Protein chains: 2
Amino acid sequence: MRIGELSRRTGVPVPTIKYYVREGLLPPGELSSPNQARYDETHERRLRLIRALLDVGGLKVAAIAEVLQAVEEPDRPLHKILGTAADRLGPRHGETEDEAQSEARDTVSELIARRGWRVDTDYPAAADLAHALAALDRLGHGAFAELLDDYADAAEQVARADLDYVDRRVAVEDLVETAVIGTVLGEAMFNALRRLAHVDRSARRFGAPEHEADEPEEADRAEGTDGADGSGGSDGADGSDG
Amino acid sequence: MRIGELSRRTGVPVPTIKYYVREGLLPPGELSSPNQARYDETHERRLRLIRALLDVGGLKVAAIAEVLQAVEEPDRPLHKILGTAADRLGPRHGETEDEAQSEARDTVSELIARRGWRVDTDYPAAADLAHALAALDRLGHGAFAELLDDYADAAEQVARADLDYVDRRVAVEDLVETAVIGTVLGEAMFNALRRLAHVDRSARRFGAPEHEADEPEEADRAEGTDGADGSGGSDGADGSDG
DNA sequence: GTGGATGGATAGTGGCGCTATCCGCTATCT
DNA sequence: AGATAGCGGATAGCGCCACTATCCATCCAC
């Protein structure tokens, strides 16, 4: 297909596609003439991946370029690429050599050791965690770190589910791409779920009594009852809480 | 104290503090003269909160302004404010009335109903979740949604821990601020933990052999040294999935 | 009473994700 | 063959955002 159709199929404007090619996110089309290029489904797929990483995952264009370059090389060990992807997710923060900071780093090291995780202490995600803990500490909420093991339990659960999924898919699709997608979109998914669970629990605890009650005081949520019935064909995958 | 000391204590440049005041993130200092203002610990605290929300939480300045305005009003029900905070966390996405989109919305509704969560289906976090699911679907990973209940279990666990913490702190500190901090920084914390858990599990599964080996086979993050193979051997041509 | 800090206001900067425009070429329709 | 639409490639510009620089009149400390 040509660029116009690629644009139509994906909803991405043509100049934007050109921009992605320029930035190295998308491989250029195969030239059939000096100024005529062809694109195929791999481009379409890649383009959708880019948009997902961008819109849902919140990655920056430069970060996506790095991740996708890693995806291109199947030689590298998976956990490295996963790291590359995940590392680009976190916020980039300058060095703030604080007391809270070094203390937080120790806490992270202890946690990693305690759980027997096979990760380096200087892993970017570890630094992110330390940053969060340090910020908590500076805000007088160092006690929030007491929840670390609860959080880690949940994180392990999720990670297990993710890897199981990757395992299941490994033969079918590109392993690395699957892992990237799972890492990035899974994060967005979990964050949304956590926010929903927060609202639910705080409604239960502070808001309404047992019976359903919707405060009419500020019902600016409006009602969004979409008439579509269409029972989904989802199987009853019961959550096996373990 | 005056603005200079506030700056020194927090590490935030004076012009930036002025900027925050202009943007409504930080209340102005108390004027003792027409052009002389005093700041106190509440300002310092607020400033640290702003930086945490900005650097660690990744919120935008405008979003922080909204959240903090909600924090100022203790009348509003907590779960509303929590919602306000959480809603500003997610990515803003335009309307992409897709098939995947509406299908995803249904999936979300079912999930909420299935778990008995007291949240509206059109809650922003629900929309975020639907967006993530729709993106997954478009990428051919609709099956990832099978993990939803696993994810939701973990999310509930985390939310329970968070609310317990808020409960514990409620008498001591400002409730709403605590909730905001927990929501935002907790998210950063969990995401980092999840990435660490990912690396751990994928190292176990794809990297090192089963027995616990403290010594990593590749201690450095540097790429290039991928001589060690034996795992994978996935040379398969790129996704000829169609 | 002098010099440096302060408050307040306005304008400018740099990064980022696009977007607009231009040019010469090419595929396709008639 | 000629008209017309689209294309590839390159460059410049836009809009948003989080600051940052400058200016000026005032104030406080020494």
Side-chain angles (χ1 to χ4, degrees), chain A residues 1-40 43 47-68 88-89 91-94 96, chain B residues 1-40 43-44 47 49-68 88-89 91-94 96:
Chain A
M1 74 186 86
R2 308 201 312 200
I3 203 173
E5 189 177 349
L6 184 59
S7 168
R8 235 168 291 118
R9 285 200 196 187
T10 58
V12 179
V14 171
T16 304
I17 296 175
K18 289 182 176 182
Y19 166 66
Y20 291 157
V21 172
R22 275 202 308 279
E23 295 299 312
L25 305 200
L26 189 65
E30 196 185 346
L31 285 176
S32 59
S33 311
N35 62 348
Q36 205 63 206
R38 285 291 172 75
Y39 301 86
D40 55 25
H43 291 94
L47 199 42
R48 286 190 209 284
L49 176 58
I50 292 168
R51 294 308 285 221
L53 259 31
L54 209 49
D55 296 341
V56 183
L59 271 75
K60 292 183 187 176
V61 165
I64 295 176
E66 292 181 60
V67 171
L68 293 184
R88 296 311 179 283
L89 263 171
R92 295 273 65 82
H93 24 59
T96 321
Chain B
M1 74 186 88
R2 310 205 310 201
I3 203 173
E5 188 175 350
L6 184 59
S7 167
R8 236 168 290 118
R9 286 201 195 185
T10 58
V12 180
V14 171
T16 302
I17 296 176
K18 289 182 176 183
Y19 165 67
Y20 291 158
V21 172
R22 275 201 311 278
E23 296 298 313
L25 304 200
L26 190 66
E30 196 183 349
L31 285 176
S32 59
S33 311
N35 60 350
Q36 205 62 202
R38 287 288 174 73
Y39 301 85
D40 55 25
H43 291 94
E44 186 180 340
L47 199 42
L49 177 57
I50 292 169
R51 294 308 285 220
L53 260 31
L54 209 50
D55 297 341
V56 182
L59 271 75
K60 292 182 185 179
V61 165
I64 295 176
E66 292 181 58
V67 171
L68 293 184
R88 296 311 178 284
L89 263 171
R92 295 274 66 81
H93 25 58
T96 321

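Residue numbering restarts at 1 for every chain, and letters A, B, ... go by the order of the sequence lines. Just so you know, these numbers come straight off a predicted model, no measurement behind them. Note: hydrogens, waters and symmetry copies are ignored here, and every other heavy atom, side chains too, is used.
Rounded to an integer number of Å, the gap from CD1 of Ile50(A) to P of dG17(C) is 12 Å. Atom P of nucleotide dC16(C) and atom OH of Tyr20(A) are separated by 15 Å, given to the nearest angstrom. Summarising the geometry, the separation between CG on Leu53(A) and P on dC16(C) is reported as 17 Å, rounded to the nearest angstrom. One atom, CG of Asp55(B), and another, C1' of dA18(D), lie 11 Å apart when rounded to the nearest Å. Here dC18(C) presents its P atom at 11 Å from CG of Leu47(A), a figure rounded to the nearest Å. When rounded to the nearest whole Å, the span between CG of Leu26(B) and P of dG7(C) equals 12 Å. Atom CD in Glu23(A) sits about 10 Å away from atom C1' in dC18(C), given to the nearest Å. Remark: C1' of dC16(C) and CG of Leu25(A) are 13 Å apart, rounded to the nearest angstrom.
Between Thr16(B) and dT20(D), a side-chain N or O to OP1/OP2 separation shorter than 4.0 Å is present.
With a 4.5 Å cut-off on side-chain heavy atoms, Val61(B) and Tyr19(B) count as touching. Here the side chains of Lys18(A) and Ile3(A) are in contact, with some heavy-atom distance below 4.5 Å. Side-chain atoms of Arg51(A) and Thr16(A), non-hydrogen and from C-beta on, do get closer than 4.5 Å to each other. Residues Val12(A) and Tyr20(A) form a side-chain contact, since some pair of their non-hydrogen atoms from C-beta on lies under 4.5 Å apart.
The nucleotide whose nearest atom lies closest to any side-chain atom of Leu54(A) is, among dT20(D), dC18(C), dA18(D), dC18(C).
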For the pair Asp40(B) and His43(B), evaluate side chain to side chain contact (heavy atoms under 4.5 Å, CB included) and give the outcome as yes or no after the intermediate values. CA-CA 5 Å; Asp40(B) 55 25; His43(B) 291 94; 3.0 Å; yes

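Here CG of Leu26(A) is found 10.5 Å from CG of Leu49(A). Values are rounded to the nearest 0.5 Å.
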Would you tabulate the nitrogen or oxygen pairs shorter than 3.5 Å linking the protein to nucleotides 7-13 of chain D?
residue	atom	partner	partner atom	Å
dC7(D)	OP1	Gly4(A)	N	3.0
dG8(D)	OP1	Ala37(A)	N	3.3
dG8(D)	OP1	Ala37(A)	O	3.1
dG8(D)	N7	Lys18(A)	NZ	3.2
dG9(D)	N7	Lys18(A)	NZ	3.2

